[in-house]
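Chain letters run A, B, ... following the sequence lines, proteins first and then strands; every chain starts at 1.
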2 protein chains.
Amino acid sequence: MMAESTRRGVPEATVGRLPGYLRALTDLADAGRGSVSSEDLAQLLGIRSAQVRKDLSALGSYGVRGVGYDVARLCDQIAAELGLARQRAVVIVGLGNLGRALAAYGGLAPRGFEVVALVDNDPALVGTTVGGLPARRLDELDRGAGTLDVGVITTPAEAAQEVADTLVGLGVRSILNFAPVVLRVPDGVHVRAVDLSTELQILAFHEHQRLLADARGDEVG
Amino acid sequence: MMAESTRRGVPEATVGRLPGYLRALTDLADAGRGSVSSEDLAQLLGIRSAQVRKDLSALGSYGVRGVGYDVARLCDQIAAELGLARQRAVVIVGLGNLGRALAAYGGLAPRGFEVVALVDNDPALVGTTVGGLPARRLDELDRGAGTLDVGVITTPAEAAQEVADTLVGLGVRSILNFAPVVLRVPDGVHVRAVDLSTELQILAFHEHQRLLADARGDEVG
DNA sequence: GCATGTGAACTCATTCACAGCA
DNA sequence: TGCTGTGAATGAGTTCACATGC
């Protein structure tokens with residue numbers, strides 16, 4: 001069956017860069033720039049211009065040959081693609097140092113994400129407020145919270161799977177997991193994992209390789 | 001020219017999974033498991049067994065056909081590959097909520113990373129201690145800190161590039177950047193970026209796509 | 001028999017190079 | 001002329017399927 005207008009199917013690698021484009025374009029818009037070339041954007045993101053053009057043309061975007069892309073329009077285009085028209089409701093589960101830091105982070109609301117609920121099962125924390133929001137128990141969450149779009153898990157590793165199960169039960173279909181475990185979730189639920197140790201170990205690997213290369217007296221690769 | 005033993009060249013995608021293997025194997029070792037199959041590991045990491053075998057054989061690893069991999073040995077093998085024999089010295093720059101949370105995080109030391117210095121340029125913070133370490137100014141960092149392996153940047157976006165430049169000047173060649181900017185660094189310096197808004201926006205994209213799909217009454221992909 | 005290790009097939013992503021159009 | 005949009009070429013990563021060896 002033929003597609004109505006262009007068939008959607010933005011490559012995952014492109015999706016991963018869209019927030020970067022959006023950030024750069026927002027900055028350009030704030031600076032009063034009306035249009036921008038793929039080469040400029042490439043510089044700003046640290047990638048190649050052909051990549052930029054491929055990415056943007058995957059959105060069905062309209063650049064102007066010989067001129068570039070209209071900054072404001074491309075902004076809107078990408079924001080729409082990311083579904084940022086609607087504000088998202090975020091719940092943070094786990095109010096340790098990291099959870100509290102994220103709860104207090106001011107960079108979310110202006111980017112379309114509003115923290116609407118905080119959760120911790122530690123009785124000492126329940127009832128206290130962080131950034132104006134009260135902490136509740138996970139099992140009280142269904143009431144009064146309205147629809148939740150995104151769950152952020154900042155619990156210890158041991159608790160994370162159970163939290164994820166509960167969130168999925170509440171209808172959450174997007175999870176950002178900071179706990180160092182692989183979460184099992186049903187099809188249709190998206191999980192992204194952020195792990196500090198993992199990142200550091202990857203950096204360590206490269207440092208180690210450089211060390212080995214230096215010891216061998218290799219040319220710089 | 002022929003390689004001495006197997007030529008090193010672990011694919012980047014494999015490197016990204018090594019910390020996950022290490023975590024799973026550490027857990028297995030703690031649980032007293034002596035050996036493990038690629039299928040078991042695949043389950044634990046949420047990937048396929050062929051992937052596991054490819055990854056591990058890239059390390060020149062010795063599994064035993066018909067049996068599996070020796071847990072303790074594979075642990076050592078991967079730790080060696082990641083260069084974790086040596087403890088790494090980490091400096092955290094930017095002692096806002098996130099920086100302080102990371103400074104207080106206990107999960108680093110056991111994984112080979114020791115926070116040896118904390119930096120912030122806010123006079124109100126300099127001299128205070130977080131997790132037993134005093135906060136100093138960035139320009140005092142060269143003295144008494146010994147060698148720094150990894151810089152973690154948790155400053156506001158505006159300050160991040162300057163901090164990165166300074167760190168590079170101090171000999172740091174691995175940077176973990178939490179600030180929402182693309183850092184420019186010389187060749188040979190590795191940067192990994194972690195950005196909360198980016199992650200959330202990627203999740204939002206997929207949620208948005210599901211919504212569109214639902215509205216069209218599509219089959220589940 | 002059973003699970004590893006690996007060539008080959010395949011899918012996904014990046015880069016090139018140039019046609020097409022303002 | 002200059003910059004976009006894109007087919008073609010290349011490269012990276014994943015999956016398949018089976019020969020290999022304990």
Side-chain angles (χ1 to χ4, degrees), chain A residues 3 5-18 20-21 24-25 28 33-71 73-74 77-78 81 202 205-206 209 221, chain B residues 3 5-21 24-25 28 33-71 73-74 77-78 81 182 202 205-206 209 221:
Chain A
S5 79
T6 3
R7 239 287 159 256
R8 281 303 146 117
V10 182
E12 193 55 35
T14 296
V15 173
R17 283 184 293 267
L18 291 182
Y21 291 125
L25 288 164
L28 288 169
R33 279 281 291 276
S35 80
V36 65
S37 70
S38 61
E39 189 53 46
D40 293 341
L41 279 173
Q43 293 286 327
L44 290 169
L45 294 232
I47 59 182
R48 309 218 189 259
S49 63
Q51 184 81 84
V52 173
R53 294 196 297 278
K54 262 260 150 68
D55 284 342
L56 298 185
S57 76
L59 304 181
S61 158
Y62 290 45
V64 182
R65 291 167 205 250
V67 178
Y69 301 87
D70 182 276
V71 171
R73 185 171 178 191
L74 195 49
Q77 182 101 213
I78 292 174
E81 194 69 27
I202 293 169
F205 171 87
H206 292 295
Q209 293 303 305
Chain B
S5 80
T6 5
R7 238 288 159 254
R8 282 303 145 117
V10 182
E12 193 55 35
T14 296
V15 173
R17 284 185 292 268
L18 291 182
Y21 292 126
L25 288 163
L28 288 168
R33 279 281 293 275
S35 81
V36 65
S37 70
S38 59
E39 188 54 44
D40 293 341
L41 279 173
Q43 293 285 326
L44 290 169
L45 295 230
I47 59 181
R48 309 218 190 258
S49 63
Q51 183 82 83
V52 172
R53 294 198 296 279
K54 262 265 152 67
D55 284 343
L56 298 185
S57 76
L59 304 180
S61 157
Y62 289 45
V64 183
R65 290 167 204 250
V67 178
Y69 301 87
D70 182 276
V71 170
R73 183 170 180 195
L74 196 49
Q77 182 101 213
I78 293 174
E81 193 69 30
V182 178
I202 293 170
F205 171 88
H206 292 296
Q209 294 302 305

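For the pair Asp55(A) CG and dT15(C) C1', the computed distance is 12 Å after rounding to whole Å. In this structure, the CD atom of Gln51(A) is 7 Å from the C1' atom of dA13(C), given to the nearest Å. Atom CD in Glu39(A) sits about 14 Å away from atom P in dG2(D), given to the nearest Å. One atom, OH of Tyr21(B), and another, P of dT4(C), lie 12 Å apart when rounded to the nearest Å. dC22(D) atom C1' lies 15 Å from atom CG of Asp70(B), rounded to whole Å. The separation between Asp40(A) atom CG and dG2(D) atom P is 15 Å, rounded to whole Å. The CZ atom of Arg17(A) sits 12 Å away from the C1' atom of dT15(C) (whole-angstrom rounding).
Using a 4.0 Å heavy-atom criterion, one finds that Glu12(A) contacts the sugar-phosphate atoms exclusively.
Closest non-hydrogen pair, Gly46(A) versus Val182(B), comes out as N-CG1, 4.4 Å. Shown here for Gln77(A) and Leu59(A), the closest heavy-atom pair between the two residues is OE1-O, 3.6 Å. In plain terms, the two heavy atoms of Arg53(A) and Ser38(A) that are nearest each other are NH1-OG, 3.2 Å.
Neither OP1 nor OP2 of dC3(D) sits under 4.0 Å from any side-chain N or O of Ser38(A). Taking side-chain N and O atoms only, Ser37(A) has no distance below 4.0 Å to OP1 or OP2 of dC3(D). Remark: Tyr69(B) is in phosphate contact with dG5(C), judged by side-chain N or O atoms under 4.0 Å from OP1 or OP2.
Counting heavy atoms from C-beta on, the side chains of Gln51(B) and Leu45(B) never come closer than 4.5 Å. In this structure the side chain of Glu81(A) reaches within 4.5 angstrom of the side chain of Gln209(B), judged on heavy atoms. At least one side-chain heavy atom of Val10(A) sits under 4.5 Å from a side-chain heavy atom of Phe205(B).
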Please encode protein proximity along nucleotides 16-22 of chain C as a string of B, S and -, counting only heavy-atom distances under 4.0 Å. BB-BBBS
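Both Ser49(B) and Ile47(A) lie near DNA chain C, and the one whose nearest nucleotide falls closer to the 5' end is Ser49(B).
Among residues at least two apart or in separate chains, there is no salt bridge (charged side-chain N to carboxylate O under 4.0 Å, His left out) pair with a member in residues 61-71 of chain B.
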